[in-house]
Amino acid sequence: MNNSKHTALAGHIWSVADKLRGDYKQSEYGKVILPFTVLRRLECVLAPTKDKVIAKAEELKDNEDIDAGRWLRRASGQSFYNTSTYTLKKIANDAGHAAEHLLEYMGSFSQNAQEVLEQYEFARQIKKLDNANLLYEVLGLFADLDLRPIELDEEGEPVLDEKGKPKVVVSNHQMGYIFEELIRRFAEQSNETAGEHFTPREVIELMVNLLIAPDDDALTLPGTVRTVLDPACGTGGMLTAAEEHIREFNKDATVKVFGQELNAESWAICRSDLMIKGQDPENIKFGNSFSDDGHMGAKFDYVLANPPFGVEWKKVKDEVEAEHETGRGDNRFEAGLPRINDGSLLFLQHMLSKMRPAEWVPGDAGSGNPGHFKGGGRVSVVFNGSPLFTGAAESGESKIRQWILENDWLEGIVALPDQLFYNTGISTYFWILTNRKSKGHQGKVVLLDARQHFAKMRKSLGDKRKYITKDQTQELTSLYAEALDAASDVEHPLHSKVKVFRNTDFGYHRITVERPLKLRFEVTEEALTALGASKPVQKLAYASEFIEAMKPLTGHHWATKSEAWVALKDAVVEAGLTWPAGTPFNKALRDAVGVRDAEGEVQNLKGGAPEPDPELRDYENVPLEEDVEEYLKREVLPHVPDAWIDHDKTKVGYEIPFTRHFYVYEPPRPLAEIDAELKSLEAEIQALLGEVAE
């Protein structure tokens, strides 16, 4: 299809929006135009076999023992069919009964096509259009739209080109491009929903490049077959981009795309896209990937997604926890569970469970063959910053990161510019993971800083104010491919943008540093009030007399606990009262009259070990491979010589502090420069005020 014809078709479809203004909001145009586009395309695809399907339906109508759907699909030559004698042209020519006939026509489609149209709430839109006297006009526009896959002659036979092949009118690939263009235009018209249904095209292209780049050579082989899954597929943009990218290497490659989507309208759009491009729409499942895995047990070559940032998983809590605890299903959540208000790392575990298994094929040291992986899969996902570091040591998030790194699945993380997406301006990251790392990447993780690779948009779309250019996409793709060399070569022009770490570099021991509790002891009015309110004293029959007996000691102080206890006990006994016994009382008394003092007496536990002071307790993260006692000697004891590590409280944690690794110190501006700028601004303000006064 040449550009002029493509433009004409897109313009013809888009012109329907002009007729909807007033009766529909901009954000609702897609509910009319997208299903009508799907309907017309399906009609054009089925046209060559329409008579055959109608005849077969008539033949089978009284035979209940036969799977009619199977025979009708065979007659249509497609994964769907329609048994009605109506066409959009015939319906448009009967304006008085258009709504009635159109609903009947829709009801004659196979179930899989009807499900798609139902999710658009198409029947409701038809009635709304009919009530607004718009249905006839909209029908007429779409009935005249030529979306035939191939050109047919008057006998219904394909018209052949000069090479003897059927003459293409709108191929499946071209139809997918038109449909995607419509989705994008509607998303841009409706900024409030764009982020929910649409990932910017240039972001998808870069993501797919990084996902597939290591397989460039393999994809060119004859008979190439690749499967692609997006478990949060939205309208299917990532699946489309992945398919297109693979076909760039091998136009004859077989690419099978699969997906799952929770939003009904997005699911319908994605399934529509597959139907009009000749893919199997049954591969797109409807439902929540966490609680109702539509592809249970299936494995894929590539898995990619842009799941909602910070999605809460409270609604599926029971199902997720059950799979985590019992390992039922695919045992997707074995590593751990993140916080209930952010399911990002649940998505990642789900995606990793879908990777095709990899088998290590040993090499021959004598021949210089190091060995390689056979099979395997690759994963790419868009996250915000929180999955990098949220969660303390041994939390669910930390355990998931540990599980990924210890399995050597994390290949790289790419930091993207902010303000790339329609509904958020926050910073985002690509995670690229695989179970078949190349020899050079094994045991390593690449961090690539692409935050400055952007161009500013002339006009913002929601929160999207930046985009990645084609040249920048190519540069980043090349840089990621040569990351190991770029990180080690200080002469490389983008050396500062790439760093390579060992998996263990992201692990740490969370140590608890204790210091002894040191007290001096004194009686004050506040101390006696606190002691009198304590439970052990309140239980005494002589509580008020007990406190009264100690009042003469107000203002007295002692350096040691034993001295204080002797003086207090003597005062109580002298008053004719019994000195209470037991640990609860002694603790309450010490809490009341003990005062923290750096020069005070060290308090000891039973057995003689110093008692730790909770208020002086501190925590340190020590690199995983460093000896914690050596760290204590070097970093802590020079400042607090009496500190020690409570090894029983040591935990292992994993985090990826991306920003810290790329931080570059920028010295503050000189005071003279700031002062000069302030004076300049003051002069400018004075001049403006002078103009106002005149």
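Nothing here was measured: the structure is a model prediction, and the numbers come from that model.
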| field | Salt-bridge contact Arg617-Glu514 (side-chain N to carboxylate O under 4.0 Å) | value | yes
| Would the number of heavy atoms belonging to other residues, nucleotides or ligands and lying under 6.0 Å from CD of Glu574 be above 12? | no
| field | side chain to side chain contact (heavy atoms under 4.5 Å, CB included) assessment of Asn503 paired with Leu410 | value | CA-CA 8 Å; Asn503 293 340; Leu410 183 59; 5.7 Å; no
| query | Do Lys561 and Gln603 come within less than 4.5 Å of each other through their side chains, counting heavy atoms only? | reply | yes
| note | The reported gap from OG in Ser353 to NE2 in His295 (rounded to nearest 0.5 angstrom) is 11.5 Å
| field | Sequence-distant partners of Trp360, side chain to side chain contact (heavy atoms under 4.5 Å, CB included), two or more places apart | value | Pro362, Phe373, Gln442
| query | Any ion pair linking Lys518 and Asp613 (charged N to carboxylate O, less than 4.0 Å)? | reply | no
| message | Testing the basics here: between Pro231 and Leu304, what is the closest heavy-atom pair and its distance to 0.1 Å? | response | CD-O, 3.6 Å
| said: Ring centres under 6.0 Å, that's the criterion: do Phe506 and Phe501 meet it? | reply: yes
| request: Could you tell me which non-hydrogen atom of Gln260 sits nearest to which non-hydrogen atom of Asp293, and how far apart they are? | output: OE1-C, 3.9 Å
| message | For the NZ atom on Lys649, are there more than 12 heavy atoms of other groups (residues, nucleotides or ligands in this structure) within a distance under 6.0 Å? | response | yes
| Any ion pair linking Arg378 and Asp215 (charged N to carboxylate O, less than 4.0 Å)? | no
| query | So does Arg596 pair up with Glu615, basic N to acidic O under 4.0 Å? | reply | yes
| request: State the CG-CG distance between Leu528 and Leu553, to the nearest 0.5 angstrom. | output: 8.5 Å
| task | Evaluate the side chain to side chain contact (heavy atoms under 4.5 Å, CB included) criterion for residues Leu206 and Leu416: first the C-alpha distance (whole Å), next the side-chain angles of each, then the deciding distance (0.1 Å), finally the verdict. | result | CA-CA 10 Å; Leu206 176 59; Leu416 302 173; 4.1 Å; yes
| request: Could you check Phe430 against Phe383 for ring pair (Phe, Tyr, Trp, His ring centres under 6.0 Å), going step by step and ending with a plain yes or no? | output: CA-CA 6 Å; Phe430 287 154; Phe383 281 150; over 10 Å; no
| Backbone of Arg520 reached by a side-chain donor or acceptor of Glu601 within 3.5 Å | no
| field | Side-chain heavy atoms of Val445 within contact of Leu447, under 4.5 Å | value | yes
| field | Pair Lys399 + Glu406, salt bridge at N-O below 4.0 Å | value | no
| field | Passing candidate, side chain to side chain contact (heavy atoms under 4.5 Å, CB included) with Leu352, options Ile404, Val381, Asn435 | value | Ile404
| message | Distance check, rounded to the nearest 0.5 Å: Ser344 atom OG versus Ile400 atom CD1? | response | 10.0 Å
| request: Verify the neighbour count for atom NZ of Lys285: are there more than 12 heavy atoms of other residues, nucleotides or ligands below 6.0 Å? | output: yes
| message | Please evaluate residues Leu637 and His639 with respect to the criterion side chain to side chain contact (heavy atoms under 4.5 Å, CB included), reporting the C-alpha separation (whole Å), side-chain torsions for both, the decisive distance (0.1 Å), and the verdict. | response | CA-CA 5 Å; Leu637 296 184; His639 309 287; over 6 Å; no
| So, does Tyr480 use its side chain to make a donor-acceptor pair with the main chain of Val414 at under 3.5 Å? | no
| task | Output the distance between atom CZ (Arg332) and atom CZ (Phe290), rounded to the nearest 0.5 Å. | result | 8.0 Å
| query | Between the side chain of Asp505 and the main-chain N/O of Arg502, is any donor-acceptor distance below 3.5 Å? | reply | yes
| request: Using the six-membered ring of Phe300, assess whether NZ or CZ of Lys354 lies under 6.0 Å from its centre and within 45 degrees of the ring axis. | output: no
| field | Check: Val523 main-chain N/O paired with Thr554 side-chain donor or acceptor under 3.5 Å | value | no
| request: For this output row, return yes or no: ring centroids of Phe347 and Trp431 closer than 6.0 angstrom. | output: no
| query | Do the side-chain N and O atoms of Ser386 and Asp342 include a donor-acceptor pair separated by under 3.5 angstrom? | reply | yes
| task | Flag this pair as yes if the NZ/CZ of Lys317 is under 6.0 angstrom from the six-membered ring centre of Trp313 and inside a 45 degree cone about the axis; otherwise no. | result | no
| remark: Note: Pro612 and Leu605 closest approach over all heavy atoms is CD-CD1, 4.4 Å
| request: Start with the C-alpha gap between Glu359 and Arg436, add the side-chain angles, then the distance that decides, and say whether salt bridge (charged side-chain N to carboxylate O under 4.0 Å, His left out) holds. | output: CA-CA 8 Å; Glu359 177 186 354; Arg436 52 180 172 89; over 6 Å; no
| said: For Arg356, is there an ion pair with Asp301 - N to carboxylate O distance below 4.0 angstrom? | reply: yes
| query | Taking the six-membered ring of Phe662 as reference, does the NZ or CZ atom of Lys499 fall below 6.0 Å from its centre and within a 45° cone about the axis? | reply | yes
| Is it true that a side-chain atom of Gln419 and a backbone atom of Gly425 form a donor plus acceptor pair closer than 3.5 Å? | no
| Checking Glu394 side chain against Val652 main chain: does a donor-acceptor pair fall under 3.5 Å? | yes
| said: Does any part of the side chain of Leu337, heavy atoms only, come nearer than 4.5 Å to the side chain of Leu346, both counted from C-beta? | reply: yes
| Do His492 and Asp485 pass the side chain to side chain contact (heavy atoms under 4.5 Å, CB included) test, and can you show the C-alpha distance, the side-chain angles, and the key distance before you say yes or no? | CA-CA 8 Å; His492 192 285; Asp485 293 333; 6.0 Å; no
| Ion pair Glu611/Arg590, N-O distance below 4.0 Å | yes
| task | Could you go through the ring pair (Phe, Tyr, Trp, His ring centres under 6.0 Å) check for Tyr508 and Tyr654 one step at a time? | result | CA-CA 6 Å; Tyr508 62 89; Tyr654 277 78; 7.5 Å; no
| field | Thr529 side chain to Glu526 side chain, donor-acceptor N/O pair below 3.5 angstrom | value | no
| Are side-chain N/O atoms of His647 and Glu629 paired as donor and acceptor at under 3.5 Å? | yes
| note | Of all heavy-atom pairs linking Val602 and Pro610, the shortest is CG1-CB, 4.1 Å
| request: Could you walk me through whether Glu525 and Lys551 pass salt bridge (charged side-chain N to carboxylate O under 4.0 Å, His left out), step by step? | output: CA-CA 8 Å; Glu525 292 183 6; Lys551 282 186 177 181; over 6 Å; no
| said: Testing the basics here: between Leu476 and Ala450, what is the closest heavy-atom pair and its distance to 0.1 Å? | reply: CD2-CB, 3.6 Å
| query | Between Lys444 and Glu411, is there a salt bridge with N-O shorter than 4.0 Å? | reply | no
| Do Thr650 and Thr512 have side chains that get closer than 4.5 Å, going by heavy atoms? | no
| task | State, to 0.1 Å, how close Ala643 and Leu632 come at their nearest heavy-atom pair, and which atoms those are. | result | O-CD2, 4.3 Å
| message | If you take the centroid of each ring, where Trp contributes its six-membered ring, are Trp403 and Trp409 closer together than 6.0 Å? | response | yes
| query | Is His495 atom NE2 crowded by more than 12 heavy atoms from other residues, nucleotides or ligands, each under 6.0 Å away? | reply | yes
| field | Interatomic spacing from CG in Asn288 to CD in Glu261 - rounded to 0.5 Å | value | 10.0 Å
| note | Between the OG1 atom in Thr428 and the CZ atom in Phe309, the distance rounded to the nearest 0.5 Å is 5.5 Å
| query | In this structure, are over 12 heavy atoms from other groups packed under 6.0 Å from Leu671 atom CG? | reply | no
